[in-house]
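Report on the following structure.
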Number of protein chains: 2
Amino acid sequence: MAKQINDEEVYEAVLFTLLENGYAGSTTKRIAQKAGMNEVTLFRKYGSKSELVAMAVAHLRFKFDHSPVEYTGDVKADLAKIVNSHSGVTAAHAGRLFPLIMAEMVRYPELRETMRVPHEQIKLFGGIIARYQADGVIRAGDPVLMVTTLLGPAIVNNMLRSANPELEMPPLNVPDLVDRFLNGNLA
Amino acid sequence: MAKQINDEEVYEAVLFTLLENGYAGSTTKRIAQKAGMNEVTLFRKYGSKSELVAMAVAHLRFKFDHSPVEYTGDVKADLAKIVNSHSGVTAAHAGRLFPLIMAEMVRYPELRETMRVPHEQIKLFGGIIARYQADGVIRAGDPVLMVTTLLGPAIVNNMLRSANPELEMPPLNVPDLVDRFLNGNLA
DNA sequence: CTAGAATGCAAGCGTTCACTTGCAACCAGT
DNA sequence: ACTGGTTGCAAGTGAACGCTTGCATTCTAG
């Protein structure tokens, strides 16, 4: 057939396969099948499995850069945007890819570069929160720690939901989550 | 030598190896080496890799049951106990084992039984929170969702720290975390 | 129309993995 | 001292995986 292979589609297939099977479980055969191409072509175009995965994750960052989260002065809106950008409401994979990279990819030295994507995102979010702290809107505290406090519930919620479908958790309500982050849970 | 093999030590070695290498990376050879025993003995005593892992996790639950978290009427203390019991301050592995099971072990059907450990813990914590909601101390909301809101920051913080040592995050302050959970982050 | 590049296909290579087998060494209880 | 169960050791089995090679097929550019 010699059809033209679309890198972007391949990257999507890689990320999908990663989320479903993890890194070790994402065999090159599986990835190739999901991408609708021959396994050999995969090696010819991308070199190795680790290189391909690194490219797919790097491409994800490229997509992040084109819809950046910024400081606007509206705390609730900005925090909601931060949560959304990493909880999967917008990008299909973002919310689950983050824990995947954090919890699993760390173990494969050849993938250390992929760590930079969540790393940079967190620093970006931390900067926004620091600015609101300077404005006197948000309580003092290490900005990175604040980011984990804001994102943690959404991330763990996603993990739990995908891990335990029969737990029947209510869907994540982002504005409510931001409200609880700001105002607490005391009655 | 024919030394007597201590199951508990083997389980510890299994959990340690799991945390360091994940399930796929925890080869039977590595586990045996960590446990200071022969790989063959491992198969003879525990049958298979998946059975051994299941036993190690089940044994962890057994240990949980012997220092349970309970409702005492002191919100802050109880919430802190919940966070501590899963952030690794008390049990060496608890805080990191939770995301490991959630994010990785899910993918191996032969390990589905291990999921029951975090599942039951969460339901236990949810019950305590529900009781404080009935007391009018904590805001309304799905208890399980509240548990993820409380534990999420600690879990993600742990993941981030172990994934990115050069990020230099401040150590987790549990009472402060509980305070922010209750009172929010608004200045 | 032709040439070169991209892709598919079948086969295979070397390695690692979970797991097995056969046998020797050891220890505890009687 | 003997015996039976536990452990260690060396070797090996079959399967899966990452990756390569050789060759045929198809698309595209000039």
Side-chain angles (χ1 to χ4, degrees), chain A residues 1-57 59 100 104-114, chain B residues 1-58 100 104-114:
Chain A
M1 316 238 176
K3 63 164 174 285
Q4 215 61 2
I5 284 184
N6 183 340
D7 283 346
E8 198 144 344
E9 284 177 20
V10 176
Y11 295 153
E12 283 290 318
V14 171
L15 297 178
F16 183 92
T17 310
L18 276 177
L19 285 176
E20 196 147 284
N21 310 100
Y23 183 69
S26 293
T27 67
T28 52
K29 198 168 294 190
R30 250 205 271 253
I31 293 174
Q33 187 176 351
K34 184 76 194 172
M37 70 197 289
N38 194 280
E39 190 186 359
V40 182
T41 309
L42 189 150
F43 283 101
R44 278 197 277 242
K45 281 183 73 82
Y46 308 104
S48 69
K49 175 180 166 179
S50 60
E51 285 176 277
L52 173 58
V53 168
M55 286 184 212
V57 176
H59 180 258
L100 179 77
E104 189 183 6
M105 292 200 185
V106 186
R107 300 200 191 93
Y108 302 90
E110 70 268 29
L111 292 179
R112 221 180 40 205
E113 202 189 336
T114 67
Chain B
M1 320 238 172
K3 63 164 172 285
Q4 215 59 2
I5 284 184
N6 183 340
D7 283 347
E8 198 146 342
E9 284 176 21
V10 176
Y11 296 153
E12 283 290 318
V14 171
L15 296 179
F16 183 93
T17 310
L18 276 177
L19 285 175
E20 196 148 284
N21 310 100
Y23 183 69
S26 292
T27 66
T28 52
K29 196 168 296 189
R30 251 204 272 252
I31 293 174
Q33 186 176 350
K34 184 77 194 170
M37 70 196 290
N38 195 278
E39 189 186 1
V40 182
T41 308
L42 188 150
F43 283 100
R44 279 198 277 241
K45 281 184 72 82
Y46 309 104
S48 70
K49 175 180 167 179
S50 60
E51 284 176 278
L52 173 58
V53 169
M55 285 184 215
V57 176
L100 179 77
E104 189 184 6
M105 294 201 184
V106 187
R107 301 197 190 93
Y108 302 91
E110 69 268 29
L111 293 179
R112 220 180 39 206
E113 201 189 336
T114 68

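Everything numeric in this text was worked out from a predicted model, so none of it was measured. Lettering of chains follows the sequences in order, A, B, ..., and the numbering in each one begins at 1.
Note: CD (B/Glu39) to C1' (C/dC19) measures 8 Å, nearest angstrom. Protein atom CD of A/Glu51 is 14 Å distant from nucleotide atom P of D/dG18, rounded to whole Å. Rounded to an integer number of Å, the gap from CD1 of A/Ile5 to P of D/dT26 is 16 Å. When rounded to the nearest whole Å, the span between CZ of B/Arg30 and C1' of C/dA18 equals 14 Å. Here the C1' atom of nucleotide C/dC19 and the NZ atom of B/Lys49 are 12 Å apart, to the nearest Å. Distance CG (A/Asp7) to P (C/dT7): 9 Å, rounded to an integer number of Å. For the pair B/Met37 CE and D/dC9 C1', the computed distance is 14 Å after rounding to whole Å. Atom-to-atom, CG of A/Leu42 to P of C/dT7 comes out at 11 Å; the value is rounded to the nearest Å.
Counted within 6.0 Å of CD on A/Glu51, heavy atoms from surrounding residues, nucleotides or ligands total more than 12; the atom is thus considered enclosed. Shown here is A/Glu110, whose CD atom has more than 12 heavy atoms of other residues, nucleotides or ligands within 6.0 Å.
Closest heavy-atom contact between B/Leu19 and A/Arg107: O-NE, 3.8 Å.
Distance check: B/Lys29 NZ to B/Gln33 CD gives 9.5 Å after rounding to the nearest 0.5 Å.
Of the candidate nucleotides C/dC19, C/dC17, C/dT7, C/dC19 has the atom lying nearest to any side-chain atom of B/Phe43. Considering only side-chain atoms of A/Thr27, the nucleotide from D/dC19, D/dC17, C/dG8 that sits closest is D/dC17. Of the candidates C/dC9, D/dG8, D/dC19, C/dC9 carries the atom nearest the A/Val40 side chain, counting heavy atoms from C-beta on. In this structure, of D/dC19, C/dC9, C/dA18, it is C/dC9 that holds the atom nearest to the side chain of A/Arg44. If you check D/dG18, C/dA6, C/dG8 against the side chain of A/Thr41, the one that comes closest is C/dG8. If you check C/dT7, D/dC19, D/dG8 against the side chain of B/Asn38, the one that comes closest is D/dG8.
Both A/Lys29 and B/Lys45 lie near DNA chain D, and the one whose nearest nucleotide falls closer to the 5' end is B/Lys45. Of the two residues contacting DNA chain D, namely A/Ala24 and B/Asn6, the nearest-nucleotide position lying further toward the 5' end is that of B/Asn6.
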Applying side-chain contact (heavy atoms from CB on, under 4.5 Å) to B/Asn21 and B/Thr27, what does each step give before you reach the verdict? CA-CA 9 Å; B/Asn21 310 100; B/Thr27 66; over 6 Å; no

